[in-house]
Amino acid sequence: MSDPPSGSLVPATFQTPHGKDAISPKQFLQFLNCLISESLGDDANLTHDKTSWVVMISGLSEQVYGYFPYFTPATRGTSNERITLTHVSLDVLDQVSRKIKSVYHGEEDLVKKLFVRLLGLCISAESWLEASNDGLLDHSDPSTIYAKATNILVYVMCQILGSPFRNETSAATQRGLAHGLLWASLDLVHGNLAYLLLVAGLRSPLQIS
């Protein structure tokens with residue numbers, strides 16, 4: 001596995017997302033497809049430079065995973081480019097996560113950002129589960145993004161929990177990070193449930209005597 005194309009450089013989209021040098025979505029999609037074929041393929045050479053991949057994952061988290069729209073009749077026919085871009089960017093993340101085992105080691109900020117963005121993507125992608133079309137190719141089918149995103153999120157968390165470390169301190173730090181994210185998610189779910197029960201005029205099961 002080699003470095004991302006152009007060595008340690010990242011796409012202009014990541015450097016100036018709204019500036020004059022930013023590349024178009026079409027160009028960015030071409031870049032990602034090139035990344036998969038040239039740097040993440042089975043025949044690519046292994047790389048020891050994870051810095052570029054960390055920047056890549058961070059950029060995808062900020063500019064792709066966090067902006068997938070909820071399903072509405074209006075977005076059904078106007079989000080085709082976003083759907084394809086999300087699919088391909090998830091393919092990149094999946095390949096990097098599986099082939100560069102140490103990519104998340106010592107990257108607490110990256111892990112937190114990725115977890116939040118992927119969780120948000122899962123929530124919005126769930127609204128597209130009934131929007132499948134048997135005539136669509138995989139990268140054009142919005143209903144399959146939910147399963148792909150959730151599978152990657154689970155794999156990333158398993159990697160963090162099961163990563164080997166040279167000392168117990170590093171292992172405990174990584175486990176603490178994973179546990180903290182999972183507990184925060186459970187607190188969020190419980191908070192939403194409590195709010196819904198309150199709106200419905202019901203008492204939370206935890207308050208029943």
Contacts under 3.5 angstrom, residues 28-35 side chains, donor-acceptor by atom type, not counting sequence neighbours:
| residue | atom | partner | partner atom | Å |
| --- | --- | --- | --- | --- |
| N33 | ND2 | L29 | O | 3.3 |

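A donor-acceptor contact shorter than 3.5 Å is absent between the side chain of S102 and the backbone of H105. Distance alone, capped at 3.5 Å, places no donor-acceptor pair between the S127 side chain and the I123 backbone. A donor-acceptor pair under 3.5 Å is absent between the side-chain atoms of T150 and the main chain of C122, judged by distance alone. At distances below 3.5 Å, not a single donor-acceptor pair connects side-chain atoms of S97 with backbone N or O atoms of D94.
Every side chain to side chain donor-acceptor pair (under 3.5 Å) that Y155 has, sequence neighbours left out, goes to K101. Every residue was checked against the ring pair (Phe, Tyr, Trp, His ring centres under 6.0 Å) condition with Y146, not counting sequence neighbours, and none meets it. The side chain to side chain donor-acceptor pair (under 3.5 Å) test applied to D91 returns H139, K148, not counting sequence neighbours. With sequence neighbours excluded, the residues satisfying ring pair (Phe, Tyr, Trp, His ring centres under 6.0 Å) with F68 are W128. The salt bridge (charged side-chain N to carboxylate O under 4.0 Å, His left out) check on E107 picks up K50, with sequence neighbours excluded. Under the side chain to side chain donor-acceptor pair (under 3.5 Å) criterion, R82 pairs with no residue, sequence neighbours left out. T84 meets the side chain to side chain donor-acceptor pair (under 3.5 Å) test with no other residue; sequence neighbours excluded.
Here the straight-line distance linking atom OG of S89 with atom CD1 of I36 works out to 9.0 Å at 0.5 Å rounding. To the nearest 0.5 Å, the span separating OG on S39 from CH2 on W53 amounts to 4.5 Å. Rounded to the nearest 0.5 angstrom, T86 OG1 and Y67 OH are separated by 12.5 Å. Separation of atoms CG (L93) and CE (M56) is listed at 11.5 Å; rounding is to 0.5 Å. Here the OH atom belonging to Y65 is positioned 11.5 Å from the CG atom belonging to L153, to the nearest 0.5 angstrom.
Criterion: ILVMFWY side-chain heavy atoms under 4.5 Å apart, direct or through other members. Under it, V116 and I57 are not part of a common hydrophobic cluster. Under the 4.5 Å side-chain heavy-atom criterion for ILVMFWY residues, a single connected hydrophobic cluster contains both V54 and V156.
Using a 4.5 Å cut-off on side-chain heavy atoms (C-beta onward), I145 and H87 make contact. Taking 4.5 Å as the limit, some side-chain heavy atom of Y104 sits within range of a side-chain heavy atom of L114. Between L121 and L90 the shortest side-chain heavy-atom distance falls below 4.5 Å. In this structure the side chain of F71 never reaches within 4.5 angstrom of the side chain of P142, judged on heavy atoms.
Legend: side-chain hydrogen bond (donor to acceptor under 3.5 Å, both in side chains) pairs involving residues 108-119, not counting sequence neighbours, sorted by first then second residue: S58-K113, E62-K113, E108-K112.
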